[in-house]
Amino acid sequence: MLIKSLAVFCGSKNGTDGLYARHAQQLGELMAKHDIKMIYGGGSSGLMGVVADTVMQNNGEVTGIIPHVLVEWERQHHGITELIILDNMHERKKKMYELCDAAIILPGGFGTLDELFEMLTWNQLSIHDKEIFILNSGGFYDHLLAHVAQLDKQGFLYETAKERITILSDPSQLIQYLL
């Protein structure tokens, strides 16, 4: 599958480990270098802002999609290629899925997890077949991945998570899936 646009789901905060922001910056550089359009939540703060700023600083293209309710909270980004403001979170996620060829999940909070699991669910239900990558920066998602393995072990999944998720420990590992 040729990936020309990548949905980036991540925190509107930076988190406590500097590795998260470094990986976000590296991802932004990689996306710009390989002409991968960034599709994301439209905020200027946290890891979302780091990736978007880096893509723009490296002459890449960024489309942000933000609902009215989050314009103030996530501080809409004014320095990106395109900003789309929609009515609600459901429209936001739907639009992001429509515009992306694949998705990558970086460290984040409840919203990031919501987006990850909705992507996985839609993928499982054949609503889409987009690749899903998890950037497991410094083992951030180790506990979650162990729980997903538990879901499989206990018979709650229709297929193993390996069928739907590719785990990366470093942004540079994404390159093999882009070329």
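The figures that follow rest on heavy atoms only: side chains count, while hydrogens, waters and symmetry mates do not. Quick caveat, the model's predicted, so the values are computed rather than measured.
- Checked by atom type and distance alone, the side chain of E91 pairs as donor or acceptor with a backbone atom of D87 at under 3.5 Å.
- Atom SG in C100 sits 7.5 Å away from atom CG in L6 (nearest 0.5 Å).
- Counting heavy-atom neighbours within 6.0 Å of H90 NE2, excluding the residue itself, gives a total of 12 or less.
- Using a 4.5 Å heavy-atom cutoff, the side chains of T112 and L116 are not in contact.
- With respect to the salt-bridge test (charged N to carboxylate O, under 4.0 angstrom), the residues K93 and E115 do not qualify.
- Across all non-hydrogen atoms, the minimal contact from Q76 to H78 is NE2-CE1, 3.0 Å.
- A side-chain donor from one of K37 and T63 sits under 3.5 Å from a side-chain acceptor of the other.
- Taking CD1 of I66 as the start and CE of M48 as the end, the distance is 6.5 Å to the nearest 0.5 Å.
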For a ring-ring contact (aromatic ring centres under 6.0 Å, His included) check, start with the C-alpha distance between F140 and Y20, then their side-chain angles and the critical distance, and finish with the verdict.
CA-CA 9 Å; F140 180 83; Y20 309 147; 5.4 Å; yes
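- Between the side chain of H34 and the backbone N or O of I36, no donor-acceptor pair lies under 3.5 Å.
- In summary, the side chains of E29 and T54 do not present any donor paired with an acceptor at a separation below 3.5 Å, with no hydrogens or angles considered.
- Using the six-membered ring where Trp is involved, W122 and Y97 have ring planes that are perpendicular, over 60° apart on the 30 and 60° scheme.
- For K94 and E98, the salt-bridge test passes: some basic side-chain N is under 4.0 Å from an acidic carboxylate O.
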Working for side chain to side chain contact (heavy atoms under 4.5 Å, CB included), residues I127 and T121
CA-CA 9 Å; I127 294 171; T121 302; over 6 Å; no
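- Between A52 and H77, the closest heavy-atom pair is CB-CD2, 4.1 Å.
- Atom OG1 of T81 is separated from atom CE of M56 by 4.0 Å, given to the nearest 0.5 angstrom.
- The CG atom of L135 sits 8.0 Å away from atom OG of S169, with the distance rounded to the nearest 0.5 Å.
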Before you tell me yes or no, could you show the steps for H128 and M119 under side chain to side chain contact (heavy atoms under 4.5 Å, CB included), namely the whole-Å CA-CA distance, both residues' side-chain angles and the distance that decides it to 0.1 Å?
CA-CA 8 Å; H128 71 75; M119 285 287 291; 3.9 Å; yes
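- Between L178 and L2, the shortest heavy-atom distance links the atoms O-CD1, 4.4 Å.
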Please report, to 0.1 Å, the donor-acceptor pairs under 3.5 Å made by any side chain of residues 154-167, with sequence neighbours excluded.
from: E159; atom 1: OE2; to: R164; atom 2: NE; distance (Å): 2.2
from: E159; atom 1: OE2; to: R164; atom 2: NH2; distance (Å): 3.0
from: R164; atom 1: NH1; to: N123; atom 2: O; distance (Å): 3.4
from: R164; atom 1: NH1; to: N123; atom 2: OD1; distance (Å): 2.2

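- Tracing side-chain contacts under 4.5 Å through hydrophobic residues (I, L, V, M, F, W, Y), one reaches I104 starting from I80; they form part of the same cluster.
- Under the 4.5 Å side-chain contact rule for hydrophobic residues, L70 and L83 share a cluster.
- A continuous path of ILVMFWY side-chain contacts below 4.5 Å connects L174 to I3, so both sit in one hydrophobic cluster.
- Taking the centre of each ring, Y40 and F9 stay at or above the 6.0 Å mark.
- Residues S172 and L30 come closest through the heavy atom pair CA-CD1, 4.0 Å.
- A 4.5 Å side-chain heavy-atom check between I65 and L86 finds at least one atom pair inside the cut-off.
- For the atom pair OG of S137 and CG of D170, the computed distance is 8.0 Å after rounding to the nearest 0.5 Å.
- The same ILVMFWY cluster, assembled from side-chain heavy atoms under 4.5 Å apart, contains both F133 and M31.
- Smallest separation of non-hydrogen atoms from V8 and M96: O-CE, 4.3 Å.
- With a 4.5 Å cut-off on side-chain heavy atoms, L168 and Y177 count as touching.
- Under 3.5 Å, the side chains of N88 and H68 contain no donor-acceptor pair of N or O atoms.
- Atom CG of N136 and atom NE2 of H23 lie 10.0 Å apart (nearest 0.5 Å).
- One N or O on the side chain of S5 and one on the backbone of D101 form a donor-acceptor pair closer than 3.5 Å.
- Note on L106: it clusters hydrophobically with M38, by side-chain heavy-atom contacts below 4.5 Å among ILVMFWY residues.
- Nearest approach of P171 to L27, heavy atoms of both residues: CB-N, 4.0 Å.
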